[in-house]
K.L.:
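What follows is a structure written as structure tokens; I'll ask about it next.
Heavy-atom basis, side chains included; hydrogens, waters and symmetry copies ignored. For reference, positions follow the sequence shown, starting with 1.
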Amino acid sequence: MVKNNGTLSLSVISGKGGVGKTSLALNLAFGLHSMNMNTLLVDCDLGLANLDVMLGVTPGKNIHDVLKRGLSLEETVCRLEKGGLDLIPSASGMVGVPELDEDRRLFIIEKLNNFLSDYRFLIMDLGAGIGPTVLSFARMTHRRVVVVTPEPTSLTDAYALIKVLFMKHGVADFDVLVNMARSEEEAVAGYERIRAACEKFLDLPVRYLGHVHRDDTVSESVRRQKALLKYAPQSPAAKDIARILERLSEMRADAREDIAGVPPLSNDGTG
Ligand SMILES: Nc1ncnc2c1ncn2[C@@H]1O[C@H](COP(=O)(O)OP(=O)(O)OP(=O)(O)O)[C@@H](O)[C@H]1O
Ligand SMILES: [Mg+2]
């Protein structure tokens, strides 16, 4: 078994699409790196990848080359920042993108685990929903960040995703991040609805990771292909993200003993 040198793995998931997973994943990665924690960002939205577009980088190779042509992960890595902020990109608009079957899943787990020892964090940006590839990736990591917006459909879809991961795969570790909130009260009320449903129907505790305000600077930074934390570090959303980064850093410190015994990615649903 691969030893873990202290990499905490997170997948960023949501029931409903367009809630801000990719924007948050990239800003969390930038933020962790600026706190001196080497971070690898992996675009696991195999069909509609867009981390490279959001970052304005043009990757040569991508994760499909690893899955289909047996290329090594090293050959696909884009260095986003010196000193440990790297991206493994995917590709958009691929025809006939395969679902991640068991063989490919084990292959990815093995390749990434062997590659991860220099990173403090692995962040996987996933597609939305409860398709097999999403469930497959979401089960591999130590923790899952469930992104929701305060809209009822986003909350019910997130609950459905948590339910299927818990009931079908025994995954029980979820941190809820409320994005595009108009106020802290609205964010906490949204989280409370998910928490109450998970407690009542699944007897499952979930945690609150924090919230990010609805802020037009986020879309502006996407249009300019820059990380928000660099483009507008004083914006309300960037300040919210800074608070979430503190919690992630604490999360890693708290998880240290738990993760020491398990590889960053695993196949058994417990991460
Ligand atoms: N806090 C925010 N305030 C305002 N706009 C936001 C915020 N977060 C994200 N957005 C905008 O919402 C849109 C969708 O974001 P993003 O692509 O990150 O979502 P996603 O969950 O990754 O979508 P998909 O499910 O399609 O992968 C983007 O245009 C982004 O700029
Ligand atoms: Mg996305």
Side-chain angles (χ1 to χ4, degrees), residues 8-26 28 41-51 90 97-102 104-105 108-109 122-181 186-212 244 247-248 251 265-271:
L8 182 71
S9 60
L10 304 171
S11 43
V12 183
I13 61 177
S14 75
K16 189 170 178 287
V19 295
K21 293 178 296 301
T22 304
S23 336
L24 288 165
L26 82 87
L28 293 175
L41 190 55
V42 184
D43 196 334
C44 299
D45 194 348
L46 298 183
L48 291 168
N50 43 25
L51 267 170
S90 185
V97 173
E99 291 288 355
L100 198 66
D101 60 24
E102 193 59 16
R104 287 197 182 88
R105 183 180 146 75
I108 284 277
I109 290 176
L122 163 69
I123 299 186
M124 290 177 139
D125 177 35
L126 270 59
I130 53 172
T133 296
V134 168
L135 297 179
S136 217
F137 278 124
R139 284 159 53 206
M140 292 180 189
T141 50
H142 294 132
R143 301 275 195 272
R144 279 138 291 275
V145 175
V146 184
V147 181
V148 298
T149 68
E151 281 175 35
T153 46
S154 161
L155 299 171
T156 49
D157 291 358
Y159 170 74
L161 174 61
I162 291 173
K163 181 177 169 186
V164 66
L165 278 164
F166 178 61
M167 302 283 275
K168 272 186 77 178
H169 302 288
V171 175
D173 211 296
F174 299 96
D175 290 270
V176 178
L177 194 170
V178 184
N179 190 25
M180 305 192 204
E186 187 187 49
V188 172
Y191 161 71
E192 186 50 32
R193 286 184 60 178
I194 294 196
R195 192 206 58 75
C198 290
E199 185 182 288
K200 182 168 176 197
F201 301 115
L202 307 175
D203 196 19
L204 174 71
V206 296
R207 289 183 296 261
Y208 184 55
L209 185 62
H211 64 276
V212 176
I244 290 169
R247 295 208 186 107
L248 289 182
M251 186 194 279
L265 298 174
S266 70
N267 193 33
D268 60 7
T270 54

K.L.:
When rounded to the nearest 0.5 angstrom, what distance separates CD1 in Ile194 from CG in Leu161?
P.N.:
9.5 Å
K.L.:
Quick one: closest heavy-atom pair of Leu126 and Val134, and the distance?
P.N.:
CD2-O, 3.5 Å
K.L.:
Is Arg105 reaching over with its side chain to a backbone N or O of Ser136, donor-acceptor style, under 3.5 angstrom?
P.N.:
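Side chain of Arg105 to backbone of Ser136, a donor-acceptor pair under 3.5 Å: yes, one is there.
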K.L.:
Return yes if a side-chain donor-acceptor contact under 3.5 Å exists between Thr141 and Ser11, otherwise no.
P.N.:
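A pair is found: one side chain offers a donor N or O, the other an acceptor, under 3.5 Å apart.
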K.L.:
Just by distance, no angles: are the side chains of Asp125 and Thr22 close enough, under 3.5 Å, to form a donor-acceptor pair?
P.N.:
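There is such a pair between these side chains.
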K.L.:
Any side-chain heavy atom of Met180 sitting closer than 4.5 Å to one from Val212?
P.N.:
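No, too far: nothing below the 4.5 Å cut-off.
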K.L.:
Quick one: does Tyr191's side chain get under 4.5 Å of Val148's, heavy atoms only?
P.N.:
no
K.L.:
Output, in order, the C-alpha distance, side-chain angles, deciding distance and verdict of side chain to side chain contact (heavy atoms under 4.5 Å, CB included) for Met124 and Val12.
P.N.:
CA-CA 6 Å; Met124 290 177 139; Val12 183; over 6 Å; no
K.L.:
Find out whether Val188 and Val178 are in side-chain contact, i.e. whether some heavy atom of one side chain is under 4.5 Å from a heavy atom of the other.
P.N.:
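No. Closest side-chain heavy atoms not under 4.5 Å.
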K.L.:
Going by heavy atoms in the side chains, are Arg144 and Leu10 under 4.5 Å from each other?
P.N.:
no
K.L.:
Determine, for Asp175 against Arg247, whether the closest basic-nitrogen to carboxylate-oxygen distance falls under 4.0 angstrom.
P.N.:
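Judged by the 4.0 Å cut-off on N to carboxylate O distance, Asp175 and Arg247 do not form a salt bridge.
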K.L.:
Roughly how far, to the nearest 0.5 Å, is CG of Asp43 from CD1 of Ile123?
P.N.:
12.5 Å
K.L.:
Under a 4.5 Å cut-off applied to non-hydrogen side-chain atoms, are Asp173 and His142 in contact?
P.N.:
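Asp173 does not reach His142 side chain to side chain.
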K.L.:
Nearest 0.5 Å please: distance from the CG atom of Leu204 over to the CZ atom of Arg195.
P.N.:
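Interatomic distance, Leu204 CG to Arg195 CZ, rounded to 0.5 Å: 11.0 Å.
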K.L.:
Can you list the steps and then say if Ile108 with Phe137 is a side chain to side chain contact (heavy atoms under 4.5 Å, CB included)?
P.N.:
CA-CA 10 Å; Ile108 284 277; Phe137 278 124; 4.2 Å; yes
K.L.:
Rounded to the nearest 0.5 Å, what's the gap from CZ on Arg104 to CD1 on Ile109? Could you check?
P.N.:
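The CZ atom of Arg104 sits 14.0 Å away from the CD1 atom of Ile109.
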K.L.:
With the side chain counted from C-beta on, respond yes when Val42 and Leu122 share a heavy-atom pair under 4.5 Å apart, and no when they do not.
P.N.:
yes
K.L.:
Output the distance between atom CG (Leu51) and atom CG (Asp45), rounded to the nearest 0.5 Å.
P.N.:
8.5 Å
K.L.:
Supply the atom-to-atom distance Leu248 CG to Arg143 CZ, rounded to the nearest 0.5 angstrom.
P.N.:
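These two atoms lie 10.5 Å from each other.
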K.L.:
Give the minimum heavy-atom separation between Pro150 and Ala181, together with the two atoms involved.
P.N.:
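Nearest heavy atoms, Pro150 then Ala181: CG-CA, 3.9 Å.
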K.L.:
Specify the closest pair of heavy atoms between Asn179 and Gly20, including all atoms of both residues, with the distance to one decimal.
P.N.:
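Smallest heavy-atom distance, with atoms named: ND2-CA, 3.6 Å.
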K.L.:
Are side-chain heavy atoms of Leu202 and Lys163 found at a separation under 4.5 Å?
P.N.:
yes
K.L.:
Using side-chain heavy atoms (C-beta onward) and a distance below 4.5 Å, is Leu41 in contact with Leu26?
P.N.:
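When only atoms from C-beta onward are counted, Leu26 and Leu41 do touch, with a gap below 4.5 Å.
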K.L.:
Test Val164 against Tyr159 for side chain to side chain contact (heavy atoms under 4.5 Å, CB included), laying out the working first.
P.N.:
CA-CA 9 Å; Val164 66; Tyr159 170 74; over 6 Å; no
K.L.:
Could you report the tightest heavy-atom contact between Lys16 and Lys21, atom names first, then the distance?
P.N.:
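Distance-wise, the nearest heavy atoms are O-NZ, 4.0 Å.
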K.L.:
Before you tell me yes or no, could you show the steps for Met251 and Leu209 under side chain to side chain contact (heavy atoms under 4.5 Å, CB included), namely the whole-Å CA-CA distance, both residues' side-chain angles and the distance that decides it to 0.1 Å?
P.N.:
CA-CA 10 Å; Met251 186 194 279; Leu209 185 62; 4.1 Å; yes
